[in-house]
Amino acid sequence: MAAVALLAAAFAAPAAEPAPGPASAHARAPAPAGPLARAVRAELQRSGLDGSGIAAFYEARDWRPLWLQGKALRPEAHTVVELLRRAELDGLDPGRHDPGALSRALAAATAREPDALARAEVAISAALSGYVRDLRDAPEPARMIFTDPALAAPATEPDQILAEAADAPDLSAHLATLMEGNPVYAELRRALAELRAGRLEAPHGHAERAQQLLLANMARARQIPADPGRRFVVVDAAGQQLMLYEDGRLAETMEVVVGQPRYATPMMAGVIRYAVFNPYWNVPVDLVRDDFARRVLRRGVSALEGERMEVLSDWSDQARPVDPATVDWAEVAAGRQLLRMRQRPGGDNMMGQVKLMLPNRLGIYLHDTPHRWAFDARQRTFSSGCVRLERALPLARRLLGAAAPAALPSGAERRIDLPEPVPVFITYFTVWPEAGRLQARADPYGRDGPLLAAMADKAPARRAQPGGLGGPVSHHAGDGKPSRQRGSRLTPIR
């Protein structure tokens with residue numbers, strides 16, 4: 001039900017008593033203690049919200065109010081009104097969010113009667129959960145795949161949204177964070193306001209098209225949590241840029257190389273947990289099949305030694321070296337035999353001197369590269385899906401802090417854990433404000449069309465499962481094995 005309809009229900013005449021019938025799950029729940037709790041439960045039933053996610057939130061807290069202190073509204077109740085007033089700034093349909101109706105509900109609660117207070121209480125929760133759900137529930141083409149158990153896809157169910165507010169150490173600060181959003185999203189939202197006011201130049205003078213693209217990119221940016229943490233990394237695959245944020249500010253940028261269109265780098269969220277110096281390159285099984293096996297069939301096994309490649313018996317830590325001459329390369333090339341290959345560390349290793357590991361099922365990570373020429377290209381889409389960094393070593397040292405080695409380790413592969421894990425969000429921005437105008441970028445993966453079409457649909461389907469569970473197989477598995485795209489909504493980073 002839209003938030004406007006829920007607010008209207010707060011002023012409707014009391015509903016008739018329901019006819020006796022089989023007891024519902026809520027009817028069997030313990031009776032609320034205290035007049036306000038009883039009034040909240042009665043208001044949920046009167047408003048037709050019994051059995052809803054909002055009712056589930058209140059039942060879990062024994063029907064205790066969230067927005068009341070004693071018999072008065074908390075100041076944060078009025079902050080929710082201000083949040084609704086920003087609907088148009090966020091590119092949402094203002095017709096679905098009525099700050100005037102909520103203001104009237106709050107004004108009616110000044111009598112301090114339990115029923116009036118309960119109507120205001122339920123109206124605030126309905127307004128907040130409806131607004132945040134609209135803000136976060138992106139169309140499928142804008143969604144990010146959450147790959148680390150410590151990162152959660154933004155909650156979209158009313159009980160989860162309200163539980164976030166109730167569990168926040170500081171409710172006022174929580175609402176302020178919702179209002180501002182993450183720094184990347186805030187930048188795009190300011191650009192939308194500037195564009196509408198005529199203070200930002202649209203690409204090629206096409207203001208309407210620019211606004212549509214801005215709204216699409218804002219939907220992508222909202223997949224990054226409103227509070228991503230003290231330090232986080234954003235990789236923009238469309239602009240082929242990395243941005244490091246610290247304490248809410250942009251601290252560093254660099255160019256990156258991302259996947260070729262056939263090996264498109266996915267929009268995903270992970271956590272950088274450790275750095276590996278002098279890394280092996282575990283060759284993805286599709287490249288073993290499509291590239292290396294065919295090379296061996298043409299030139300013989302000496303083709304592998306020239307690139308310092310080695311074949312291993314399996315993917316376990318106890319894997320044994322295998323003589324390439326004993327492999328049936330025709331079976332590998334045909335895809336009937338999976339084979340593990342890796343490139344030994346060294347100056348020409350595809351991983352360069354260091355890789356930053358964000359453990360995930362997609363086999364995507366950030367790494368150095370010996371191919372420096374790639375950073376001179378205007379469109380840097382050359383990899384097999386992973387992200388190659390212009391300045392990998394300085395970034396690794398910055399993230400490692402005091403744990404960074406004084407000198408570059410030599411010889412064998414060496415892992416060093418980050419003292420503080422760092423979230424990384426790989427996204428896709430085809431417009432960006434820069435130097436007083438909105439810069440249009442290429443769309444190398446053709447993602448704008450499906451997203452614009454989904455946003456034009458007035459009733460997009462709700463997600464059945466957050467994070468794209470059971471998505472397509474990745475084309476670049478860092479451990480050399482194919483893997484499926486999956487998402488998570490779990491616990492805080494640690």
Discussion item. My understanding is that only one of Q343, K355, R342 makes a side chain to side chain contact (heavy atoms under 4.5 Å, CB included) with Y280; could you say which?
Written reply: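 Exactly one pass, corresponding to R342.
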Worksheet item: Quick one: which of V424, V184, I426 gives a side chain to side chain contact (heavy atoms under 4.5 Å, CB included) with V234?
Response: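 Exactly one option meets the side chain to side chain contact (heavy atoms under 4.5 Å, CB included) with V234, and it is V184.
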Quick one: pull up [atom1] in [X] and [atom2] in [Y] and give me the separation to the nearest 0.5 Å.
{"X": "N282", "Y": "M350", "atom1": "CG", "atom2": "CE", "result": "13.0 Å"}
{"X": "L389", "Y": "Y365", "atom1": "CG", "atom2": "OH", "result": "12.0 Å"}
{"X": "M267", "Y": "F146", "atom1": "CE", "atom2": "CZ", "result": "11.0 Å"}
{"X": "W329", "Y": "L339", "atom1": "CH2", "atom2": "CG", "result": "5.0 Å"}
{"X": "T427", "Y": "M268", "atom1": "OG1", "atom2": "CE", "result": "12.0 Å"}
{"X": "R133", "Y": "L92", "atom1": "CZ", "atom2": "CG", "result": "13.5 Å"}

Worksheet item: If you draw the axis of the six-membered ring of Y428, does the NZ or CZ of R220 fall within 45° of it and under 6.0 Å from the ring centre?
Response: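 Because its charged atom misses either the 6.0 Å distance or the 45° angle limit, R220 does not stack over Y428.
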Please determine if [X] and [Y] form a salt bridge, counting it only when a charged side-chain N lies under 4.0 Å from a carboxylate O.
{"X": "R447", "Y": "D443", "answer": "no"}
{"X": "D348", "Y": "R344", "answer": "no"}
{"X": "E390", "Y": "R380", "answer": "no"}
{"X": "R136", "Y": "E164", "answer": "yes"}
{"X": "D90", "Y": "R222", "answer": "no"}

Within the side chain of [X], is there an N or O that forms a donor-acceptor pair under 3.5 Å with the backbone of [Y]?
{"X": "D368", "Y": "Q353", "answer": "yes"}
{"X": "S383", "Y": "V258", "answer": "yes"}
{"X": "Q223", "Y": "M144", "answer": "yes"}
{"X": "R231", "Y": "E246", "answer": "no"}
{"X": "D236", "Y": "F429", "answer": "yes"}
{"X": "R189", "Y": "E180", "answer": "yes"}
{"X": "S313", "Y": "R320", "answer": "yes"}
{"X": "R372", "Y": "T369", "answer": "yes"}
{"X": "E310", "Y": "R308", "answer": "no"}
{"X": "N182", "Y": "I224", "answer": "yes"}

Worksheet item: Can T430 and D448 be counted as having a side-chain donor-acceptor contact under 3.5 angstrom?
Response: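 Result is yes, a qualifying pair exists.
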Do you know which two heavy atoms are closest between [X] and [Y], and how far apart they sit?
{"X": "A219", "Y": "A138", "answer": "O-CB, 4.2 Å"}
{"X": "A210", "Y": "A202", "answer": "CB-CB, 3.9 Å"}
{"X": "G53", "Y": "D159", "answer": "O-CB, 3.2 Å"}
{"X": "P433", "Y": "L438", "answer": "N-CD1, 3.8 Å"}
{"X": "A251", "Y": "R398", "answer": "CB-NH2, 3.5 Å"}
{"X": "V354", "Y": "P279", "answer": "N-CD, 4.0 Å"}

Are any of the side-chain heavy atoms of [X] and [Y] separated by less than 4.5 Å?
{"X": "H204", "Y": "R209", "answer": "no"}
{"X": "P324", "Y": "V296", "answer": "no"}
{"X": "L250", "Y": "E187", "answer": "no"}
{"X": "M254", "Y": "P394", "answer": "no"}
{"X": "H367", "Y": "R388", "answer": "yes"}
{"X": "V276", "Y": "R414", "answer": "no"}
{"X": "F425", "Y": "L151", "answer": "yes"}
{"X": "N278", "Y": "P409", "answer": "yes"}

Discussion item. Using 30° and 60° as the class boundaries, would you call the ring planes of Y245 and F232 parallel, tilted or perpendicular?
Written reply: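 Y245 vs F232 ring planes: parallel.
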Worksheet item: In terms of ring plane angle, is the pair Y131 and H97 parallel, tilted or perpendicular, where the classes change at 30° and 60°?
Response: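 Rings of Y131 and H97: perpendicular, over 60°.
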Discussion item. Working note: V311 + T326, criterion side chain to side chain contact (heavy atoms under 4.5 Å, CB included); need CA distance, chi angles, decisive distance, verdict.
Written reply: CA-CA 10 Å; V311 178; T326 66; over 6 Å; no
Item to complete: Kindly determine whether R340 and V322 satisfy side chain to side chain contact (heavy atoms under 4.5 Å, CB included), including the steps that lead there.
Response: CA-CA 10 Å; R340 180 182 178 185; V322 172; over 6 Å; no
Does atom [atom1] ([X]) have a neighbourhood of more than 12 heavy atoms from anything else shown, all under 6.0 Å?
{"X": "R199", "atom1": "CZ", "result": "yes"}
{"X": "E252", "atom1": "CD", "result": "yes"}
{"X": "R295", "atom1": "CZ", "result": "yes"}

Discussion item. Apply side chain to side chain contact (heavy atoms under 4.5 Å, CB included) to residues L213 and L452 and explain how you reach the verdict.
Written reply: CA-CA 8 Å; L213 286 173; L452 290 169; 4.0 Å; yes
Discussion item. Between L242 and L395, does the side chain to side chain contact (heavy atoms under 4.5 Å, CB included) criterion hold? Intermediate values first, please.
Written reply: CA-CA 10 Å; L242 178 145; L395 179 61; 4.1 Å; yes
